[in-house]
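Structure, as structure tokens:
Only a predicted model underlies this, so the values are computations on that prediction, with no experimental measurement involved.
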Amino acid sequence: MMDRAMALWGGGAAVTLACVRPSSASPAFDSRNGSSSRVQQRDKVPGFVDIVVEVPKGSFVKRLPDGAVDYVGPMPSPFNYGSVPAIPAPDGDPLDALILGNHLPYGYTGRVKVKGVMKFIDAGLVDDKLICTQLIPGASSSSGREGEPTEPASEDLTMLDLFALTSFFNVYAACKSTLNTIRGKTGRTAYEGWELFEH
């Protein structure tokens with residue numbers, strides 16, 4: 001029942017908690033291979049990444065990696081929006097990341113836990129965005145097995161979070177499509193659901 005509900009909330013995307021590991025590898029986030037590369041790139045995304053916040057939670061202003069204003073949105077961002085400098089996206093910019101949880105200031109840098117990915121197409125190019133949660137200071141998650149290493153504990157990702165992300169990106173896709181048309185960019189712009197990773 002849980003898997004069925006997750007598939008529905010995922011906007012029709014093939015969503016599972018325990019992702020099947022691919023037998024072959026391809027470049028991470030390769031826009032030329034479409035959805036097949038999205039399946040094959042899972043193992044290339046680490047469980048933790050270092051991010052830079054470009055749009056604090058509650059802000060209307062979307063900034064580029066260099067700090068310049070990209071556009072002012074019609075509604076505030078319900079999450080912190082940033083990028084992962086160490087992982088390039090297909091357009092050459094750092095990979096986008098959504099950081100759930102408390103408000104983080106513009107320019108904040110830190111490590112977060114990767115939970116999954118929002119699948120997005122922007123002007124015909126794959127523009128996926130990592131779904132991340134903040135770490136809990138001083139806490140660690142235990143494997144439950146003596147002698148095995150622990151890792152920093154992170155906040156949970158809930159079904160309510162995924163519903164909120166889906167609602168936001170359905171509206172965001174429509175707004176971004178209009179903006180791309182004004183800027184003369186061609187190609188489809190659309191939200192294509194989410195997928196959770198298992199690390």
Measure the spacing between [atom1] of [X] and [atom2] of [Y] and express it to the nearest 0.5 Å.
X    : Y    : atom1 : atom2 : result
L95  : K129 : CG    : NZ    : 8.5 Å
F120 : E192 : CZ    : CD    : 9.5 Å
K115 : C132 : NZ    : SG    : 10.0 Å
I131 : L165 : CD1   : CG    : 5.5 Å

Answer yes or no: is there a side-chain heavy-atom contact under 4.5 Å between [X] and [Y]?
X    : Y    : answer
K119 : Y191 : no
L162 : L157 : yes
T109 : I51  : no
L98  : D96  : no
V49  : V112 : yes

Checklist entry - Is there a donor-acceptor pair under 3.5 Å between the side chain of T133 and the backbone N or O of E155? => result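 Checking the backbone N and O of E155 against the side chain of T133, a donor-acceptor pair under 3.5 Å is found.
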Checklist entry - Has the side chain of S77 got a donor or acceptor atom that lies under 3.5 Å from a matching backbone atom of F79? => result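 At least one qualifying donor-acceptor pair exists.
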Exercise: identify the closest heavy-atom pair between [X] and [Y]:
X    : Y    : answer
I99  : G82  : CD1-N, 4.0 Å
P137 : L135 : CD-O, 3.4 Å
K57  : P78  : CE-O, 3.5 Å
D156 : D161 : O-OD2, 3.8 Å
A173 : T189 : O-CG2, 3.8 Å
P76  : G58  : CB-O, 3.4 Å

Do [X] and [Y] belong together in a cluster built from hydrophobic side chains that touch within less than 4.5 Å?
X    : Y    : answer
V61  : L179 : no
F60  : F169 : no
I87  : V52  : no
M75  : Y81  : yes
L100 : I136 : no

Pair [X]-[Y], side-chain donor/acceptor within less than 3.5 Å:
X    : Y    : result
S154 : Q134 : no
N180 : S177 : no
S59  : Y106 : no

Next on the checklist: Quick test of your reading of the model: are R111 and D50 salt-bridged, counting only N-O distances below 4.0 Å?
Outcome noted: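 Salt bridge: yes.
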Next on the checklist: Restricting to side-chain hydrogen bond (donor to acceptor under 3.5 Å, both in side chains), what partner residues turn up for T178, sequence neighbours left out?
Outcome noted: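 Counting only residues at least two positions away or on another chain, T178 forms no side-chain hydrogen bond (donor to acceptor under 3.5 Å, both in side chains).
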Checklist entry - Given the rule in the side-chain contact (heavy atoms from CB on, under 4.5 Å) test, do N80 and Y108 qualify, once you have shown the distances and angles that lead to the verdict? => result CA-CA 10 Å; N80 301 288; Y108 170 89; over 6 Å; no
Checklist entry - So T166 and W194, side-chain contact (heavy atoms from CB on, under 4.5 Å) or not? Walk me through it. => result CA-CA 8 Å; T166 295; W194 47 260; 3.4 Å; yes
Checklist entry - For V69 and K62, what are the C-alpha separation, side-chain angles and deciding distance, and is it a side-chain contact (heavy atoms from CB on, under 4.5 Å)? => result CA-CA 6 Å; V69 174; K62 170 68 170 64; over 6 Å; no
Checklist entry - On the ring face of F48, is K113 found with NZ or CZ under 6.0 Å from the centre and within 45° of the axis? => result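 Yes, K113 lies over the aromatic ring of F48.
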